[in-house]
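Lettering of chains follows the sequences in order, A, B, ..., and the numbering in each one begins at 1.
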Protein chains: 2
Amino acid sequence: MVRKTKEEAAATRDQLLDSAESVFFDKGFANTTLMDVANHAGLTRGAIYWHFKNKHDLFEAMIERVHLPIEALAEACADENETDPLGKFKEFSVQLIRLIATDKRQQRVFSIMLHKFEFNGDVTQIEDRQKVSFVECHDRIKRTLKNAIKRGQLPKDLDLDQAAQVKHGYFTGIVNNWLFYPQSFDLNAMAETIVENYFFLLTNSPHMRLSQQQAVA
Amino acid sequence: MVRKTKEEAAATRDQLLDSAESVFFDKGFANTTLMDVANHAGLTRGAIYWHFKNKHDLFEAMIERVHLPIEALAEACADENETDPLGKFKEFSVQLIRLIATDKRQQRVFSIMLHKFEFNGDVTQIEDRQKVSFVECHDRIKRTLKNAIKRGQLPKDLDLDQAAQVKHGYFTGIVNNWLFYPQSFDLNAMAETIVENYFFLLTNSPHMRLSQQQAVA
DNA sequence: AGAATAAAACATTCATGCATGTATGTAAAA
DNA sequence: TTTTACATACATGCATGAATGTTTTATTCT
């Protein structure tokens, strides 16, 4: 039983990615063998080396599979022509938290990224990719907030950079903690409150505004 | 040149811990060899196996060295007899961020914990230790806030659990992001603003309060 | 249309290197 | 003389990557 058709081959590839998610989540990235992944899929290492260049290539493919659709959603919030950027942003933020809180696949992949994978000196490709996402995310938030200011939804002297930094840190921090210790609180139930608190800061906190000197400069 | 005196042996142990910090930070935990650590210290693996049980034991010792003093400071904030718990808490929070922002050793160790080490199924000891710290930290924050409420520094209907969760997530999230990408913003400069924003939420955000039903129950 | 050929989609086998743990050696301190 | 504080040497296992094998599908030639 070799040489499947194109669709069967694609299914095999997905199987391998599913296995990678499962095994990386259970054993951690560095600690899992490609044989582990292959066995879990009922295949051999030969299949992995056919579909992917190596272990890191497999990892990147696994990340991309869940990362791309989320990025598309986030990008929609940052659209200049969006007439309710703040509302859209708020809605997206709650949805994303809820998604992570309920979808097993998202939980596994995010958990792997945050707690079951380590950055080491020689594999800069993955770290670089993460940094690009990091910067893009920060930029997207800033564009969204800028549009919200333009449309009078947020104060004009809002410190955009800080607001973006706080949003990114605050949200990922809470998700990070929950993924590390899911029993510690109910993420799904807290989703709205978490988001509301951030937007409360945006509109009300004097510490989120540009200082006089910064505003002048 | 063997058989040093007690003090020299202790110095060797510290050297090994220093090397571990440096090499783990550069190459990641899983990717570094005990020979790497030994070589960096100008010693051999024999020295490591004398002072530590194995690689994980070395790791835990490295963590404890920076963890213990910080925990002691945090515990002081949670003291019931503290007359200004909120002020102490705020001061400590700023100091901790500043410490991480300026002290190279703290940066390395925290960075290793957050980005250069992964949890794998078989080594539950380290993960369990982290979870204990996690719960202790959460409990400490709650005790501190409770004392602050008792002394009229915070509203009585503050949602303690949520406030603790937000604090932990928000702070570690921002530090996490900065350690991952230090060039992205100036953590030291932002320290006070970060903290002020959290305390603004504590005293002003309606979403940080217990809902009527929760308050009754 | 049927045969021949190529190429896809894996499985199997092989060679290599390297990290770990342990066992043993050794010199100085107690 | 024993024990400490390491260094050196050894045995083991295992994961990787590449090489080769195998079968079926797709393509081309006649």
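When the side-chain nitrogen and oxygen atoms of B:T5 are compared with OP1 and OP2 of C:dA28, none of them lie within a distance under 4.0 Å.
By the side chain to side chain donor-acceptor pair (under 3.5 Å) test, A:S19 is found to be paired with A:H40, residues two or more places apart in sequence or in another chain being considered. Applying the side chain to side chain donor-acceptor pair (under 3.5 Å) criterion to B:E64, with sequence neighbours excluded, gives B:R129. Looking at residues two or more places apart in sequence or on another chain, you find a side chain to side chain donor-acceptor pair (under 3.5 Å) between A:S93 and A:K167.
A heavy atom lying under 4.0 Å from DNA chain D marks the following residues of residues 24-34 of chain A, by number: A:T33, A:L34. Annotation: proximity of residues 47-61 of chain A to DNA chain C (heavy atom, distance under 4.0 Å) is found for A:A47, A:W50, A:H51, numbered in ascending order.
Distance from the side chain of A:T12 is smallest for C:dC10 among the nucleotides C:dG21, C:dC10, D:dA18.
What separates CG of B:D14 from P of D:dA5 is a distance of 14 Å, to the nearest Å. Atom CG in A:N120 sits roughly 13 Å away from atom P in C:dA19 (whole-Å rounding). Remark: C1' of D:dT24 and CD of A:E7 are 15 Å apart, rounded to the nearest angstrom. Whole-Å rounding puts the B:R45 CZ to D:dA9 P distance at 13 Å. The distance between atom NZ of A:K6 and atom C1' of D:dT24, rounded to the nearest whole Å, is 15 Å. At whole-Å resolution of the value, CD in A:E8 and C1' in D:dT23 are 13 Å apart. Rounded to an integer number of Å, the gap from CG of B:L16 to P of D:dC6 is 8 Å. Here the C1' atom of nucleotide D:dA18 and the CE atom of A:M35 are 16 Å apart, to the nearest Å.
Listed by first and then second residue, the ring-ring contact (aromatic ring centres under 6.0 Å, His included) pairs involving residues 59-102 of chain A are A:F29-A:F59, A:F59-A:F117, A:F89-A:F199 (not counting sequence neighbours).
B:I194 pairs with exactly one of B:I97, B:V175, B:V94 by the side chain to side chain contact (heavy atoms under 4.5 Å, CB included) rule, that one being B:I97. Tested against B:D18, the residues B:R65, B:R13, B:K104 include a single salt bridge (Lys or Arg N to Asp or Glu O under 4.0 Å) partner, B:R65. Of the residues B:E82, B:E75, B:E80, the one that meets the salt bridge (Lys or Arg N to Asp or Glu O under 4.0 Å) test with B:R143 is B:E75.
Ring-plane geometry between B:F134 and A:F180 is classed as tilted, the angle between the planes lying from 30 to 60 degrees on a 0 to 90 degree scale.
Cation-pi geometry between A:K116 and A:F24 is not met: the NZ or CZ atom fails to fall both under 6.0 Å from the ring centre and inside 45° of the normal.
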